[in-house]
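A, B, ... follow the sequence lines: proteins, then strands. Residue 1 opens every chain. Given the structure is predicted, the values throughout are model-derived calculations rather than measurements.
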Number of protein chains: 2
Amino acid sequence: MPYQDGMYGCPVEVGLQMLGGKWKPRILFELFQGTRRFGELNRLIPQVSRHVLTVQLRELEESGIVERKVYPSVPPKVEYSITEFGKSLQPVLEQMIAVGEHYIGLKKRETDLR
Amino acid sequence: MPYQDGMYGCPVEVGLQMLGGKWKPRILFELFQGTRRFGELNRLIPQVSRHVLTVQLRELEESGIVERKVYPSVPPKVEYSITEFGKSLQPVLEQMIAVGEHYIGLKKRETDLR
DNA sequence: CCGTATCCGGGCAGATACTG
DNA sequence: CAGTATCTGCCCGGATACGG
């Protein structure tokens, strides 16, 4: 579907969705440390199936956060890396950590009081 | 369920979920401008039903982002406002806007090239 | 090695009707 | 006025099987 004005909701919502996938923060964490092959990511994050990993990586690519590089060799080789724009997201993610930790601390205190 | 170590996933994911509800950014936008009554929010955001608005507000309250104040009068009066912690989220949200706008600009350029 | 195709189950958002 | 109760539909993540 071609772009039309207003076809995406408010930018905040769009941004949240770009990072909001179940495994995206984790994938990004791995890729911030350097380029990784598909199988490497799969080994580094064993809880995610290849299917889901593929989907999440494609969405990150679609968002311009991750670059996918295919080497037409046999056997095939595919490398994933963070784009320049993707690197700019690291501070935001780090702030999200603080937000999440605040909530976790909140719940922990609530329990400790009982 | 009482708090147990590790019962919430990685903090980034938690943080994303805290803000990730369909209407939460919009609600927060309204509340950043000041305290609002339930009905006011409902009028300011006509696309959301009372049911969903209630759910989202309760989740924001649960996250410690929003405070709910009930006046036991007839007719009932309920006011919602941003907590101190909630105010600390404004910069993160603003960064998310930049992220979202980058994506929207990306899609726009892709279409313009055809 | 790096995927695609297909099906399935749970959770969240929406619509609608009712209430202290 | 500010909700609750109930039902429904959809999307996303997960499991499994197959393919270049």
Integer-rounded Å distance: [N] [atom2] and [X] [atom1]:
| X | N | atom1 | atom2 | answer |
| --- | --- | --- | --- | --- |
| B:R68 | D:dA2 | CZ | C1' | 9 Å |
| A:E59 | D:dC11 | CD | P | 13 Å |
| B:L60 | C:dC12 | CG | C1' | 15 Å |
| A:K22 | C:dG10 | NZ | C1' | 12 Å |
| A:R50 | D:dA17 | CZ | C1' | 11 Å |
| A:R26 | D:dG13 | CZ | C1' | 17 Å |
| A:E79 | C:dG3 | CD | P | 12 Å |
| B:I27 | D:dA2 | CD1 | C1' | 15 Å |

B:Q56 side chain, from C-beta outward: closest of C:dA13, D:dG13, D:dT4: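 Nearest nucleotide to the side chain: C:dA13.
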Options C:dC1, C:dG3, D:dC1, nucleotide nearest the side-chain atoms of A:F38: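 Nearest listed nucleotide: C:dG3.
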B:L60 and its side-chain contact (heavy atoms from CB on, under 4.5 Å) partner, picked from B:V55, B:I82, B:I27: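 Between B:L60 and the candidates, side-chain contact (heavy atoms from CB on, under 4.5 Å) is satisfied uniquely by B:I27.
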Check ion pair B:R37-B:E40 (N to O, under 4.0 angstrom):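 B:E40 and B:R37: not salt-bridged.
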Salt-bridge present (A:K69, A:E61; N to O < 4.0 Å):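 Looking at A:E61 together with A:K69, the answer is no, because their closest N to O distance does not fall below 4.0 Å.
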A:P76 vs A:T54, nearer the 5' end of DNA chain C by closest nucleotide: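 It is A:P76, whose closest nucleotide lies nearer the 5' terminus.
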Sugar-phosphate, base or nothing in reach of A:Y71, heavy atoms under 4.0 Å: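 Nothing, no nucleic acid heavy atom in range.
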Touch class at under 4.0 angstrom, heavy-atom based, for B:V78 against every strand present: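 Counting heavy atoms under 4.0 Å across all strands, the contact made by B:V78 is with sugar-phosphate only.
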Given [N], is OP1 or OP2 found less than 4.0 Å from the side-chain N or O atoms of [X]?
| X | N | answer |
| --- | --- | --- |
| A:R58 | C:dG3 | yes |
| A:R37 | C:dC1 | no |
| A:Y80 | C:dC2 | no |
| A:W23 | D:dC12 | no |

Base C:dA5 to side chain A:H51, donor-acceptor N/O within 3.5 Å cut-off: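 Yes, the side chain and the base share a sub-3.5 Å donor-acceptor pair.
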Evaluation steps, side-chain contact (heavy atoms from CB on, under 4.5 Å), between A:L31 and A:L41: CA-CA 9 Å; A:L31 291 183; A:L41 287 171; 4.0 Å; yes
A:Y103 and B:Y8 aromatic ring geometry - parallel, tilted or perpendicular at 30°/60° bounds: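 Taking A:Y103 first and then B:Y8, their aromatic rings stand perpendicular (interplane angle over 60°).
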